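Both backbone and side-chain heavy atoms feed into the values below; hydrogens, waters and symmetry mates do not. In this chain, numbering begins with 1 at the start of the sequence shown. Small disclaimer: the values here were computed from a predicted structure and weren't measured.
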Amino acid sequence: MNQAYLHWLNHPKIDQKTRQELNEITDINEIEDRFYQYLPFGTGGIRGLLGAGTNRLNQYTIRRISDGVARYFLDKKKDHHKDAIVIAYDCRLHSRDFALESAMVFAHYGIPVYLFAELRPTPLLSFTVRYLRALGGIVITASHNAAPYNGYKVYGADGAQLLPEETQQISRKIDEVKDEIDLSVYPLQEVHAQGQLHWLGKEIDEQYLSYLCRENFDLQKNSPIRVVFTPLHGTGTTLIPSSLKRLGFHNLYLVPEQSFPDPNFSTVGTPNPEKVESLNMAKKLAQEVGADVVIGSDPDADRVGVMIRCNQEIHSLTGNQIGVLLLYYRLYLAKIQGTLPDDGIALKTIVTSDMGEKIASHYGVKMMNVLTGFKYIAAKIEEIEQENMGTFMMAYEESCGYLMGNWVRDKDAIQASAWICNMAAHFHSIGLTLKQVLHQLFERFGYYHEAQYVLHYPGKEGKRQMMQFMAYLRNHPPIDLGNKKVIRMEDYQSGFNSLPPSNVLKIHLEDQSWVAIRPSGTEPKLKFYLSVVDDSHELAEKKMIEIKKGIEDIVCITN
């Protein structure tokens with residue numbers, strides 16, 4: 001029998017509800033999955049299933065994580081103006097409970113806490129850390145994962161998620177915890193009594209919105225465009241509607257069934273705006289009210305998905321397409337306003353479409369590539385500022401993450417929604433839909449087509465199989481893929497092209513197509529990112545089909 005399981009089951013301090021849950025597990029494989037490891041830090045912090053066990057999120061593992069995070073920040077305390085931590089949380093099961101558990105652990109170490117009184121978006125946490133000049137922050141969220149998940153993201157004093165060398169320091173601190181069930185916490189009533197807990201409310205919202213309204217939009221006063229918005233039961237409802245109304249979008253329709261917090265996400269399978277089906281209810285409402293734009297944010301409101309109207313039809317956009325439209329509009333607008341800098345810099349990830357590089361080059365802007373994960377984008381923005389490398393314009397990634405203003409250091413669905421609506425209003429005023437603008441970009445820069453291919457590897461054995469697959473590709477690089485010759489394979493494991501080491505392979509083909517492969521940092525998945533370009537949509541689609549078939553052949557060989 002698993003020793004960690006027996007330790008928990010028989011511990012005198014374990015609560016009765018947890019003990020009952022453990023006693024009800026009859027499958028030895030489930031016991032092994034719950035206790036074979038502690039949840040590790042990934043691309044987006046720690047994320048995992050809710051439940052009893054070391055490989056689950058619960059009050060004990062949250063205390064363990066927070067204990068290590070608290071001691072990590074105590075080491076940073078002497079270098080900062082304020083020794084406080086900011087905490088935010090989303091709509092998920094136990095998010096508020098976990099936020100309070102974390103606050104009690106921080107208070108045990110004498111670290112004051114600024115805690116949002118109600119659920120708030122992740123980008124607002126990033127903003128608040130910077131605004132209050134805090135030591136750092138955490139947000140309890142599992143982003144776009146399904147309902148059984150929750151998570152724990154850690155932010156530094158710059159408002160950005162921590163880089164691997166920093167999360168490794170935290171991991172070492174966490175590993176020093178001998179027994180998570182024995183950890184001491186400061187009772188909540190004493191935290192209040194000692195004045196160590198400060199509640200945050202709408203005053204922070206107002207500060208954020210004041211920054212947003214300073215952005216250099218081309219505001220169309222009282223724009224006639226109609227916008228449908230869904231927060232997919234998450235935190236987007238707290239700031240996105242109010243920000244759009246302040247910017248003059250009064251024809252705004254919220255999906256009523258999805259505009260309240262629901263930890264079960266009862267009207268949507270997975271609350272991920274990258275997935276077209278997640279916006280089905282919003283699309284239906286858009287058809288009823290004749291909307292021009294549909295916007296959907298994920299539960300913690302850092303990602304945003306978009307649909308647009310053209311010729312009476314509602315069309316979905318991919319994350320890459322939204323990104324190139326925003327990049328084009330940002331640079332095009334700056335040029336016609338006479339504010340386009342000579343040293344402009346845009347940022348994207350290595351698995352994001354190359355189309356953005358062509359658009360940036362057209363406007364004399366340098367496109368820089370970073371590893372997957374918005375923390376790398378945030379770190380590059382900091383480097384650009386500190387080293388006076390140029391003027392930051394915007395950043396984006398294919399997974400529906402966008403950042404327009406650097407006063408936040410994470411992807412931000414609130415900013416992105418404001419820019420998307422202003423973009424739609426601007427082109428509407430000159431007789432163009434966003435679909436027509438995108439077609440013009442394809443005609444000018446090439447028909448780019450992107451897709452993802454995902455393999456699921458759950459549990460302990462799945463993790464081993466993912467690593468085995470990556471090792472196989474490194475030792476047996478393909479000669480061709482999708483009837484196209486492979487011209488090179490880039491291995492980022494040892495730090496390719498001056499980037500930090502990362503378990504990513506990128507296969508380049510002779511026709512400018514490429515495939516990138518990486519294990520997910522937060523889910524038991526192996527992700528394949530596919531990108532092709534050709535002179536027409538039909539030719540690009542044909543290439544994509546051929547490359548997908550080539551990947552399936554490789555998967556068959558390795559299995």
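A donor-acceptor contact closer than 3.5 angstrom is absent between the side chains of Asn320 and Tyr529. Side-chain contact check for Thr230 and Gln258: at least one donor-acceptor pair (N or O, by modelled atom type) lies under 3.5 Å.
Shown here is Asp342, whose CG atom has no more than 12 heavy atoms of other residues, nucleotides or ligands within 6.0 Å. Around CD of Glu490, the count of heavy atoms belonging to other residues, nucleotides or ligands within 6.0 Å exceeds 12.
By the 4.0 Å N-to-carboxylate-O rule, Asp553 lies close enough to Lys549 to be salt-bridged with it. Under the 4.0 Å criterion applied to side-chain N and carboxylate O atoms, Glu357 and Lys348 are assigned as salt-bridge partners. Using a 4.0 Å cut-off between charged side-chain N and carboxylate O, Lys411 and Glu397 make a salt bridge. Between Arg130 and Asp158 there is no salt bridge, since no side-chain N of the basic residue sits under 4.0 Å from a carboxylate O of the acidic one. The pair Glu288-Lys284 meets the salt-bridge criterion, with a side-chain N (NZ, NE, NH1 or NH2) lying under 4.0 Å from an Asp/Glu carboxylate O. A salt bridge links Asp300 with Lys153: the distance from a Lys NZ or Arg NE/NH1/NH2 to an Asp or Glu carboxylate oxygen falls below 4.0 Å.
Taking CD from Gln415 and CE from Met394, the interatomic distance works out to 10.0 Å, rounded to the nearest 0.5 Å.
Across all their heavy atoms, Lys375 and Gln161 have their closest contact at CB-O, 3.4 Å.
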